[in-house]
Amino acid sequence: MASCVEEIVPESIAYMKLALDQAKLALDSLEVPVGCVIVEEGKIIAHGRNRTNETRNATRHAEMEAIDVLLEQWQKLGLSKADVAKKFSNCTLYVTCEPCIMCAGSLSILGIKQIYFGCANDRFGGCGSILSLHSSIGDQTKCFKCEGGIMTTEAISLLRTFYEQGNPNAPKPHRPLNQ
Amino acid sequence: MSVNGGGDGAELSAEQCKIEYIPGKLPVPPHLQPTVSVLAAVIEASHASTLIRKLNKIAPLENLRHVKRIRKKRLDGGKYELSLILCLASETDGQLGGIPTDVLEFIKEYQLSSFVAKVCKYAALTKEEWDEQCKLWPTSYHPPTYNIAGITGFSEDDTRSIVDFMKYAADLARSSDNRVVNAAVIVDPSTKQVISSACDQVFSWTTAESNINIEKNGLDPNTSLNCPGTFESKEHTKLPSSASSDPGSFSNCVSCLHPWRWAEQEFGESSESWHPLRHAAMVAIEYSANQDRLLFPNDGHSGAEIILEECVSFPSTESPSKRQKTSLNNVEDGENHELRARSSDSVRPYLCTGYDIFFVWEPCIMCAMALVHQRVRRIFFALPNKTAGALGSVHRLQGETSLNHHFAVFRVSLPEELLNFDSKNSRNLLGSSD
């Protein structure tokens, strides 16, 4: 598990707050509340939030949404692949929940510089919880710095709200819930 | 053999095509399963429930969810003795090494005398393993892919159909000019229809709008695999013909084999869009989701279920009751989806529940996890991916028990001719498989 040993700088808190705003947007749209922002040289250049329900595509996590925004922007600007790779290597991601194995794999493929996350994801986490794709050994894999535990309480509380509010569209449970 | 590469009417006998199940972990003899040490204590039966509740709060057994907290042992006099796991024991030193203070206080409060016991580290995957595990300490046994057809073998009919879809994937992978790419074909095995198919689009892809094409995508009940040409659709990537002509590097275009190479210049700049993450699986999932939205525009029930499934569990500050629910979900997942997929009241599947996916090459970790999220039931691939494969080669995602969905993975060994992507290089490709 990526632990939070370094002191959290106020900057990280500020960016994480914006990621949490994205997560709240997801919550308002009945999506699992996870949000993120991508920062390049102190400037927020993309944001994203979970859209798995709306798209019926369970891979549309916040990180993937934000990444797609950047790829589109940069290609419109006519940047080459090498330029884009260089840009990603200067980017920091702030996400409210530890990236899942798929997203961690994606971030490694893109060669992102660094990520900060809120709560750990102990079912799907790809940055320490289940797999450690940010630090995988291997000649080709790209590592990135990773630090968790930024505003964990807020991130969890959003998730908790989500699961507690239930869903008006939810089908009948297939089995009685255990108390 | 009279099989011609990629030909349509070629008849294959079952002997020519081996379908091999790739289990979640490398097989270990049941009596040699890895164990961990735990600290346990004999307790009074009357205290059992109170003690468990308290312990689950102060020392939940994080990575040993398959292990029962209490062991009931029959003693000689016909009486029962209950032992309770207190916490993990430190492997290095003896007794009171790394015991958390909470647990120490607990031991003191109830005047327990602790002893070290061994428990099996991983959940049992077979009955034989489970029997052995319980000799050490009782565990629970929930075969994660128990209900998935094919693990115990395929009928001749199923084999033929699997081989046909694999050939279809191979043809697709071969179809883009002079680059070889990976192909993914999502299939509903109950109707033998292609739901969606795609090739890698890392180096070139068409815009999302133009890809939505129900009529051509095989959901028409009249189409079946017998006429694969019917599925030819726009979604099929057109890669630029300016591809690298160096035969030695031709397989470098398979995204899952070299996920980190997208930025290398040797593939040339194209005027079309490109995207480092548009591996065949990701694109095929997107297409199937697009179709689902088109075919069932107002159906809200999918969303509701995603909410139940696509959850992130809370860190260990969470109450034990929530935790138990989470693990219950894990356990029953396989069965429920099977049932739901077959239930008559929903024609529409939930994501890709019940579907199969066929690849030429074993997918990378990003793609494999995407298939967990999208709930694919079975994965078939023809060629292992030694550089980045996530289903047995480098990672073994199907063995991660914490995931909330489990698929079964198979390798389909086809005759060489069918995987003949390039006469010069096919031997290299297949060579890596043996």
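- Two residues are said to be in side-chain contact when any heavy atoms from C-beta on lie closer than 4.5 Å; A:Met64 and B:Met282 meet this criterion.
- In this structure, A:Arg56 contributes its side chain and B:Asp292 its backbone to a donor-acceptor pair below 3.5 Å.
- Nearest heavy atom pair, residue B:Ile365 against residue A:Gly105, reads CG2-CA, 4.3 Å.
- Judged by distance alone, the side chain of B:Gln374 and the main-chain N or O of A:Ala58 form a donor-acceptor pair under 3.5 Å.
- Proximity to chain A (any heavy atom under 4.5 Å) is restricted, for B:Leu397, to the side chain, taken from C-beta onward.
- Taken from CZ in A:Arg60 to CD1 in B:Ile285, the straight-line distance is 11.0 Å, to the nearest 0.5 Å.
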Practice item. Let me see the working for B:His373 and A:Asn57 under side chain to side chain donor-acceptor pair (under 3.5 Å), right down to the final yes or no. Key: CA-CA 9 Å; B:His373 288 315; A:Asn57 179 342; over 6 Å; no
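- In this structure the side chain of A:Thr55 never reaches within 4.5 angstrom of the side chain of B:Asn290, judged on heavy atoms.
- Minimum heavy-atom separation, B:Trp274 to A:Leu71: CZ3-CD2, 4.3 Å.
- Under the 3.5 Å distance criterion, the side-chain polar atoms of B:Trp262 are left unmatched by any main-chain donor or acceptor of A:Lys81.
- For the residue pair A:Ile109 and B:Pro259, the shortest heavy atom distance occurs at CG2-O, 3.1 Å.
- Atom CD of A:Glu11 has 12 or fewer heavy atoms from other residues, nucleotides or ligands within 6.0 Å.
- Sparse packing is recorded around OH of B:Tyr122, with 12 or fewer heavy atoms of other residues, nucleotides or ligands lying under 6.0 Å away.
- The number of heavy-atom neighbours closer than 6.0 Å to NE2 of A:His47, taken from other residues, nucleotides and ligands shown, is 12 or below.
- B:Leu371 CG to A:Met102 CE: the interatomic distance, rounded to the nearest 0.5 Å, is 10.5 Å.
- Nearest heavy atom pair, residue A:Ser108 against residue B:Trp260, reads OG-NE1, 3.0 Å.
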Review point. Could you walk me through whether B:His275 and A:Asp68 pass the side-chain contact (heavy atoms from CB on, under 4.5 Å) check?
Key: CA-CA 8 Å; B:His275 193 303; A:Asp68 279 4; 2.7 Å; yes
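- Contacts between A:Cys100 and chain B at a heavy-atom distance below 4.5 Å involve the side chain alone, from C-beta outward.
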Exercise for review: Before giving the answer on side-chain contact (heavy atoms from CB on, under 4.5 Å), spell out for A:Leu133 and B:His395 the whole-Å C-alpha distance, their side-chain angles and the decisive distance to 0.1 Å.
Suggested key: CA-CA 11 Å; A:Leu133 299 172; B:His395 301 283; 3.8 Å; yes
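- Contacts of B:Glu400 with chain A are made by side-chain atoms alone, with heavy-atom separations under 4.5 Å and no backbone atom involved.
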